[in-house]
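Residue numbers start at 1 and run along the sequence shown.
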Amino acid sequence: MELLNRLKRWHQTWPQSLATYTYDASTEHHCPNCGHDYAGNFCPNCGQKSNMQRFTWKSMLTGILDVWDLSGRSVPSTLLQLCYRPGYLLRDYFQGRRQSYFPPIKLLLLVSLLTLSIEYFVSPYNGEKEQPREERINPEDGEYMKEYKTLFYKQLDRFFEWGDENSGWGALLFHSCFILPTFWLFRRSRSYPKITVPECFFMQAYLCSAMLICSCVSGYLRGFILMYLPIFYLAYHQLFGYSRWGTVWRVLLTILIGLCFTIFIGIIIGMLYAVYLDLTGVITIPLDEV
């Protein structure tokens, strides 16, 4: 009997034809969606599952969780690993071991919703809204330049309000400035060579979730924002395998270049906004006042 069981297990390891997976002659089904009669787990005509049943509380909860992949993947485990082994998590995810980890973009949206809820309902600073940005206009500026700065600062206030209301997308937009510096400075590492730009994007998406958690905790512990740099260092050190000092100067240079990108993009947007106002006739800025 033991020999027979071994032979059966060995036979099950043989390559099987596609019909073995898609067709089961032992069970007949009638598709309630298209009326097709078939055998198997899915209707070959419309693709609907064969085990469609009436809705219950369990199926309702499972359906809601399936939208976010919460039924098969652990959000707490992914967030915990982002705190103490972010680089190893990123390497596993990039190398194809993705079933155990929550997807980065969905995780970022979920964390942003959670942090906004915590800041609104729990944070002791939720009643204190920041004052509008001061319109620092140079008294020596001309009349047209003052009008332009007034309009520009109003648009800037709207942008920061949008960033506060959509913290996930705002954080990802800011972290996108670190994608190219990461690619340039870390693409030749021996531990994880030839990293791609899309991988750098998903890397920043994962790190955004950790940053949002840190920013939420910093509402209670002032100075906890200093955890930003250690998380960057830990993720880059574990993923790329550089030495401590090699990782430190590369991370600092990545952050510095990313901030320069942010300032450069802000200047370009300001210049384009001035051209837009001039072309639409809202204001006319003389060249001697620019």
Side-chain angles (χ1 to χ4, degrees), residues 65 68-115 118 167-172 174-221 223-258:
L65 295 178
W68 291 87
D69 284 345
L70 289 172
S71 59
R73 308 185 189 186
S74 176
V75 176
S77 175
T78 303
L79 292 176
L80 182 62
Q81 295 188 56
L82 277 177
C83 295
Y84 74 93
R85 59 183 306 271
Y88 300 132
L89 182 150
L90 291 169
R91 183 180 300 176
D92 291 343
Y93 194 80
F94 293 159
Q95 291 180 347
R97 295 185 287 271
R98 301 173 185 174
Q99 191 60 32
S100 301
Y101 304 111
F102 203 71
I105 301 300
K106 289 184 178 181
L107 181 66
L108 178 60
L109 296 178
L110 186 61
V111 169
S112 64
L113 291 175
L114 293 177
T115 53
I118 293 174
S167 57
W169 294 116
L172 185 59
F174 174 70
H175 278 252
S176 297
C177 296
F178 302 136
I179 294 176
L180 291 180
T182 299
F183 174 73
W184 291 334
L185 295 173
F186 292 91
R187 70 183 186 276
R188 296 181 179 178
S189 66
R190 295 182 179 179
S191 179
Y192 193 79
K194 298 181 179 179
I195 188 171
T196 64
V197 175
E199 288 177 342
C200 294
F201 170 78
F202 287 114
M203 177 182 182
Q204 296 303 325
Y206 264 129
L207 293 180
C208 281
S209 300
M211 297 301 108
L212 288 178
I213 295 175
C214 290
S215 64
C216 182
V217 177
S218 65
Y220 300 93
L221 303 176
F224 192 79
I225 202 71
L226 297 176
M227 286 297 296
Y228 274 47
L229 185 58
I231 289 179
F232 264 91
Y233 165 79
L234 190 63
Y236 283 71
H237 179 66
Q238 292 177 351
L239 177 60
F240 298 107
Y242 285 106
S243 63
R244 294 180 179 178
W245 292 112
T247 305
V248 167
W249 74 262
R250 285 180 174 86
V251 168
L252 292 176
L253 190 57
T254 299
I255 296 177
L256 180 61
I257 296 175

Take Leu82 and Leu107, measure what side-chain contact (heavy atoms from CB on, under 4.5 Å) needs, and give me the verdict at the end. CA-CA 11 Å; Leu82 277 177; Leu107 181 66; 3.9 Å; yes
From Cys200 atom SG to Phe94 atom CZ, the distance as rounded to the nearest 0.5 Å: 7.0 Å
Non-hydrogen atoms of Ser189 and Tyr192 that approach each other most closely: OG-O, 2.8 Å
Using the rule given for side-chain contact (heavy atoms from CB on, under 4.5 Å), can you reason through Trp169 versus Leu108, listing the C-alpha separation, both sets of side-chain angles and the distance that settles it, and then say yes or no? CA-CA 8 Å; Trp169 294 116; Leu108 178 60; 5.7 Å; no
Can you tell me how far apart OG (Ser209) and NZ (Lys106) are? Round to the nearest 0.5 Å. 13.5 Å
Distance, nearest 0.5 Å, that separates CD of Gln204 from CG of Leu90: 9.0 Å
Taking the side chain from Thr78 and the backbone from Phe102, do they hold a donor-acceptor pair closer than 3.5 Å? yes
Interatomic distance, Ile257 atom CD1 to Leu253 atom CG [nearest 0.5 angstrom]: 4.0 Å
Nearest heavy atoms of Leu239 and Ser191, plus distance in Å: O-OG, 3.4 Å
Per-pair distances, 0.1 Å, donor-acceptor, side chain in residues 177-186, under 3.5 Å, sequence neighbours excluded:
from   : atom 1 : to     : atom 2 : distance (Å)
Thr182 : OG1    : Phe178 : O      : 2.7
Thr182 : OG1    : Tyr236 : OH     : 2.7

Check step by step if side-chain contact (heavy atoms from CB on, under 4.5 Å) holds for Phe240 and Ile195. CA-CA 9 Å; Phe240 298 107; Ile195 188 171; 3.6 Å; yes
Could you check if a side-chain atom of Met211 sits within less than 4.5 angstrom of a side-chain atom of Phe232, using non-hydrogen atoms only? yes
Got a sec, which pairs hit side chain to side chain donor-acceptor pair (under 3.5 Å) with one end in residues 246-255, sequence neighbours left out? His237-Thr247
Would you indicate whether the side-chain heavy atoms of Arg244 and Tyr233 approach each other to under 4.5 Å? yes
Residue pairs passing the salt bridge (Lys or Arg N to Asp or Glu O under 4.0 Å) test where at least one lies in residues 184-203, sequence neighbours excluded: none
Testing the basics here: between Gly168 and Ser112, what is the closest heavy-atom pair and its distance to 0.1 Å? N-CB, 3.5 Å
One pair to check against ring pair (Phe, Tyr, Trp, His ring centres under 6.0 Å): Tyr101 and Tyr206. What are the steps and the verdict? CA-CA 11 Å; Tyr101 304 111; Tyr206 264 129; 7.6 Å; no
Check for a donor-acceptor pair, side chain of Arg91 on one end and backbone N or O of Gln238 on the other, with a separation under 3.5 Å. yes
Kindly indicate, with the supporting measurements, whether the criterion side-chain contact (heavy atoms from CB on, under 4.5 Å) is fulfilled by Asp92 and Gln81. CA-CA 12 Å; Asp92 291 343; Gln81 295 188 56; 5.6 Å; no
What distance separates Leu234 CG from Leu229 CG, expressed to the nearest 0.5 Å? 11.0 Å
Is there a side-chain contact between Val251 and Ile255 in this structure, where contact means two heavy atoms from C-beta onward sitting under 4.5 Å apart? yes
Is any side-chain heavy atom of Leu172 less than 4.5 Å from a side-chain heavy atom of Phe201? yes
